[in-house]
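Every chain is numbered from 1, with letters handed out A, B, ... down the list of sequences.
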Protein chains: 2
Amino acid sequence: MQQTIKATEAELEILNILWTHGPATVRDVHDRLALKKDAGYTTTLKQMQIMLEKELLSRVASGKTHVYTAAVDQQQAQGQIVQRMIDSVFNGSAMQMVMQALGNHKASDAELEMIRVYLDKKTKK
Amino acid sequence: MQQTIKATEAELEILNILWTHGPATVRDVHDRLALKKDAGYTTTLKQMQIMLEKELLSRVASGKTHVYTAAVDQQQAQGQIVQRMIDSVFNGSAMQMVMQALGNHKASDAELEMIRVYLDKKTKK
DNA sequence: TCAAATCTACGATGATTATCGTAATTGACA
DNA sequence: TGTCAATTACGATAATCATCGTAGATTTGA
């Protein structure tokens, strides 16, 4: 049985950065975070230290700093979050959420085509 | 400019019940909630009172009880929640989330077909 | 009518989150 | 080597959330 990954919104933002850009220092993460929101450096630091305790992150020392890595699988973590949302907000209907997402979002034709291809593959299987 | 609707997980469950079944008393909501989770009656009551203050709900008196109604639009609230998740967890890519949702979910062929039809309509427009 | 059942109001509490200030540590380099 | 800048460690705090107990009000029906 896979463990349940429970991350807050703020933690997800950090995980997201690490998933996207790979291992990074607190400084790196903080700078990227600062582009979107503003919080103090120590806030980010503390956040990441807590995530280390929760084992959402791992780290290795490098000189005087630490390099952090996401310790949870991206697919799995994202999947669980989406599932929780589907359950609590969409009565368990993934489809309902997909339609909502597609409806609100201005997806390009190319994107829509990708989804279509994906659907086909899924249907055939 | 539309206001930002911010509801917690527990609040969403309540909203969801009201959206699905229409106006209801605390008792009604609580009984439905009790099917899934267990919490005391006063917990649900308090929750709904707070939601009233936040103007997520409205209510009218009916005898000694109050009948509550969701005061926020379902489409709009769901849309904002999904959008927030897309932003924080999927780097702003709705598609990425859709694929995640479809991947995790065992959708029936009929469901997939519905999505396909929806996509076509969206593409043509 | 009045007692029991039901409901609301309200405050308190513990847990979790998010935030940040300060102090201690470390490494770089003048 | 000694100082300065950057980093980590740690603790504190305020805000938010979820939960529930108790008291008071109201309705119902025996």
Novice: Answer yes when A:Glu13 and A:Lys37 have at least one side-chain N-carboxylate O distance shorter than 4.0 Å, and no when they do not.
Specialist: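 A:Lys37 and A:Glu13: salt-bridged.
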Novice: State whether A:Glu11 and A:Lys54 are salt-bridged, where the test is any N-O pair (Lys NZ or Arg NE/NH1/NH2 against Asp/Glu carboxylate O) under 4.0 Å.
Specialist: yes
Novice: Report the distance from atom NE2 of B:His30 to atom C1' of C:dC7, rounded to the nearest whole Å.
Specialist: 13 Å
Novice: Side chains of A:Met95 and A:Phe90: does their closest heavy-atom pair fall under 4.5 Å?
Specialist: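 A side-chain contact is absent here, since even the closest heavy-atom pair is not under 4.5 Å.
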Novice: What is the separation between atom CD1 on A:Ile50 and atom P on D:dA12, rounded to the nearest whole Å?
Specialist: 15 Å
Novice: Please state how far atom CE in A:Met51 lies from atom C1' in C:dT16, giving the value in whole angstrom units.
Specialist: 15 Å
Novice: Calculate, to the nearest 0.5 Å, the distance between atoms CE and CD1 belonging to B:Met85 and A:Ile81 respectively.
Specialist: 6.0 Å
Novice: What does A:Lys54 touch in the nucleic acid at a heavy-atom separation under 4.0 angstrom: a base, only the sugar-phosphate, or nothing?
Specialist: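 Sugar-phosphate contact only - A:Lys54 comes under 4.0 Å of backbone atoms but never of a base.
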Novice: Check the distance between D:dT7's P and A:His66's NE2 and give it to me in whole angstrom.
Specialist: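 About 12 Å, once rounded to whole Å.
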Novice: With no hydrogens and no angle check, do the side chains of B:Thr20 and A:Asn91 hold a donor and an acceptor under 3.5 Å apart?
Specialist: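 Side-chain D/A pair, B:Thr20 to A:Asn91: present.
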Novice: Given D:dT19, C:dA18, D:dT7, which nucleotide is nearest the side-chain atoms of A:Gln47?
Specialist: C:dA18
Novice: Taking the side chain as every heavy atom from C-beta outward, state whether B:Leu57 and B:Thr69 have any atom pair closer than 4.5 Å.
Specialist: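 Not in contact.
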Novice: Whole-Å distance between C:dC20 P and A:Leu45 CG?
Specialist: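 Between P of C:dC20 and CG of A:Leu45: 13 Å.
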Novice: Give the residues of residues 7-19 of chain B touching DNA chain D, defined as any heavy atom closer than 4.0 Å, sorted by residue number.
Specialist: B:Thr8, B:Ala10
Novice: Mind checking the CG-OH spacing from B:Leu15 to B:Tyr68? Nearest 0.5 Å is all I need.
Specialist: 13.0 Å
Novice: Quick one: does A:Gln80's side chain get under 4.5 Å of A:Lys6's, heavy atoms only?
Specialist: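 No, too far: nothing below the 4.5 Å cut-off.
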Novice: If the sugar-phosphate is the primed atoms plus P, OP1 and OP2 and the base is the rest, what is the B/S/- string for nucleotides 20-27 of chain D, using protein heavy atoms under 4.0 Å?
Specialist: BBB---BS
Novice: Angle, rounded to 10°, between the helical axes spanning five pairs at each terminus of the helix from C:dT1-D:dA30 to C:dA30-D:dT1?
Specialist: 10°
Novice: Given C:dC7, is OP1 or OP2 found less than 4.0 Å from the side-chain N or O atoms of B:Arg27?
Specialist: yes
Novice: Separation of A:Met48 atom CE from C:dA18 atom P, in whole Å?
Specialist: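 Between P of C:dA18 and CE of A:Met48: 15 Å.
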Novice: Hey, what do you get for CE (A:Met48) to CG (A:Leu18), rounding to the nearest 0.5 Å?
Specialist: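 Rounded to the nearest 0.5 Å, the CE-CG separation comes out at 5.5 Å.
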Novice: Considering the options B:Arg32, B:Arg27, B:His30, which one meets the side-chain hydrogen bond (donor to acceptor under 3.5 Å, both in side chains) requirement together with B:Thr44?
Specialist: B:His30
Novice: Can you check the B:Lys37 NZ to D:dC17 P distance for me, whole Å?
Specialist: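 Rounding to the nearest Å, NZ of B:Lys37 and P of D:dC17 are 14 Å apart.
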Novice: Just to confirm, is there a sub-4.0 Å distance from OP1 or OP2 of D:dA9 to any side-chain nitrogen or oxygen of A:Gln49?
Specialist: yes
Novice: Tell me whether A:Arg116 is salt-bridged to B:Asp120, with the criterion being a basic N under 4.0 Å from an acidic carboxylate O.
Specialist: yes
